[in-house]
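So the structure is just underneath, and the comments pick up after that.
Please read all numbers here as calculations on a predicted model, not as lab measurements. Heavy-atom basis, side chains included; hydrogens, waters and symmetry copies ignored. Labels below follow one simple rule: chain letters A, B, ... track the order of the sequence lines, proteins then strands, and each chain is numbered from 1.
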Number of protein chains: 2
Amino acid sequence: MASARDRILDAFEEVLLTEGERAATLDAVASRAGVSKGGLIYHFPSKDLLAHGLCERLTALAAEDAERMRASSEGPARYYIRSSRYLGTPFDRAFVGVARLHQGGVAEAVETIRTIERQWLEILATALHDDDAAHAIKLMGDGLYFQAVYGAGEFAATGGTTPQGDDDLDALLRVVDKIVG
Amino acid sequence: MASARDRILDAFEEVLLTEGERAATLDAVASRAGVSKGGLIYHFPSKDLLAHGLCERLTALAAEDAERMRASSEGPARYYIRSSRYLGTPFDRAFVGVARLHQGGVAEAVETIRTIERQWLEILATALHDDDAAHAIKLMGDGLYFQAVYGAGEFAATGGTTPQGDDDLDALLRVVDKIVG
DNA sequence: GTCTATATTGTGATAGAC
DNA sequence: GTCTATCACAATATAGAC
């Protein structure tokens with residue numbers, strides 16, 4: 001069974017994704033995690049530390065993802081676009097959660113995202129030997145994350161304005177090849 | 001002189017951009033606008049209506065921008081990438097403000113942004129006669145806005161990870177030409 | 001480790017004077 | 001149209017029992 005700490009972070013993500021940052025109060029998170037507020041506070045003595053916990057989780061998941069990106073058989077560019085779509089993976093959820101946290105005034109959230117973005121760009125530039133192409137592809141990935149942050153969870157509802165289906169992904173990957181080639 | 005209503009909306013934007021959604025309380029906005037809370041409430045009887053006012057402002061500015069985009073001499077694709085960079089224009093400020101509002105649980109904010117995005121995609125697809133290229137370029141613009149939302153105002157500080165300078169813009173526009181051509 | 005109070009502050013909103 | 005109170009409530013955090 002997952003540790004209470006992890007279950008609380010899961011609940012925090014869940015509320016952030018489905019109801020937004022404003023609704024992610026200690027009460028709401030504790031309730032969703034199935035513990036009392038006091039129980040939550042035992043694991044995360046302050047709300048800042050709860051946010052810090054989610055940032056740490058995201059950073060760890062990002063390191064694993066960067067490794068997969070570097071080692072990808074189809075190349076980092078294609079891997080990056082493929083994985084930038086919102087598919088509800090643990091990484092996706094943590095990323096969107098931290099992105100939403102930013103608005104709460106948590107400075108660490110911006111710094112965490114910025115560090116991850118820097119890493120992606122570096123991997124792309126190294127693999128492609130073309131800074132301009134790397135920038136362009138990085139922007140496309142950011143665009144996909146933009147859609148995720150403004151569409152994931154409850155807010156998603158009626159499908160986005162960007163390609164998320166398999167056909168659209170193939171078309172997008174062809175554009176990537178065109179930029180790279 | 002700008003109407004009190006406009007000055008309050010300006011102040012609302014300013015606080016949203018520099019301190020985040022959480023800090024954009026009625027007190028903070030009133031103080032920044034140079035009026036009392038009661039004075040603010042006279043113009044915007046509730047916080048939802050204040051948010052509504054900013055969404056309306058953004059929608060109006062977006063309509064003007066869409067017109068310029070359609071009429072652009074260099075074509076909508078280049079215009080779109082050029083204007084998606086954060087340059088602190090009234091449109092940029094309203095857009096980032098509304099984007100930050102979203103996290104506050106204001107449903108109208110998401111809907112407003114989604115409508116604008118749909119419009120952009122439509123203009124691009126119509127002009128390029130190539131849905132895949134339109135999608136890709138739209139994503140690059142979203143990426144630039146992503147950077148803006150996570151970098152504008154006080155949070156900007158140390159320069160982003162994406163091209164914002166003139167050299168980088170030129171490189172980006174070359175990639176756009178490559179996608180379109 | 002988890003719980004039930006409770007204290008404290010901040011926030012949105014109302015009422016009514018000027 | 002703008003102001004000064006003031007209210008009601010929600011949110012973080014503390015204290016201490018079990």
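- For the pair A/R22 and C/dG12, the criterion of a side-chain N or O lying under 4.0 Å from OP1 or OP2 is met.
- For B/V35, the side-chain atoms get nearest to D/dC3 when compared with the rest of C/dT2, C/dA13, D/dC3.
- Contacts of A/I41 with the nucleic acid, taken as non-hydrogen atoms under 4.0 Å apart, include base atoms.
- D/dC3 atom P lies 13 Å from atom CG of B/D27, rounded to whole Å.
- The phosphate of C/dG1 (OP1 or OP2) has a side-chain N or O of A/Y42 nearer than 4.0 angstrom.
- Between B/D170 and B/R174 there is no salt bridge, since no side-chain N of the basic residue sits under 4.0 Å from a carboxylate O of the acidic one.
- Distance A/R5 CZ to C/dT2 P: 13 Å, rounded to the nearest Å.
- The NZ atom of A/K37 sits 8 Å away from the C1' atom of D/dA13 (whole-angstrom rounding).
- Between B/L50 and B/L26, some side-chain heavy-atom pair lies under the 4.5 Å cut-off.
- As rounded to whole Å, 9 Å separates atom P of D/dA11 from atom NZ of A/K47.
- Distances from the side chain of A/L26 to the nucleotides D/dT2, D/dA13, C/dG12 place D/dA13 closest.
- Relative ring orientation between A/F146 and B/F146 is described as perpendicular, the plane-to-plane angle rising above 60° on a 0-90° scale split at 30° and 60°.
- Following rounding to the nearest Å, B/L50 (CG) and C/dG12 (P) show an atom-to-atom distance of 10 Å.
- Each of A/P45 and A/A23 was matched to the nucleotide of DNA chain D holding its nearest heavy atom; the match closer to the 5' end belongs to A/A23.
- Summarising the geometry of B/D92 relative to B/S83, their closest heavy-atom pair is OD1-O, 4.1 Å, with the distance given to 0.1 Å.
- For B/D10 and B/R32, the salt-bridge test fails: no basic side-chain N is under 4.0 Å from an acidic carboxylate O.
- Backbone-only contact: A/T25 has heavy atoms under 4.0 Å from sugar-phosphate atoms and none from a base.
- Taking atom CG of A/L40 as the reference point, atom P of C/dT4 lies 13 Å away to the nearest angstrom.
- To the nearest angstrom, C1' of D/dT2 lies 15 Å from CZ of B/F44.
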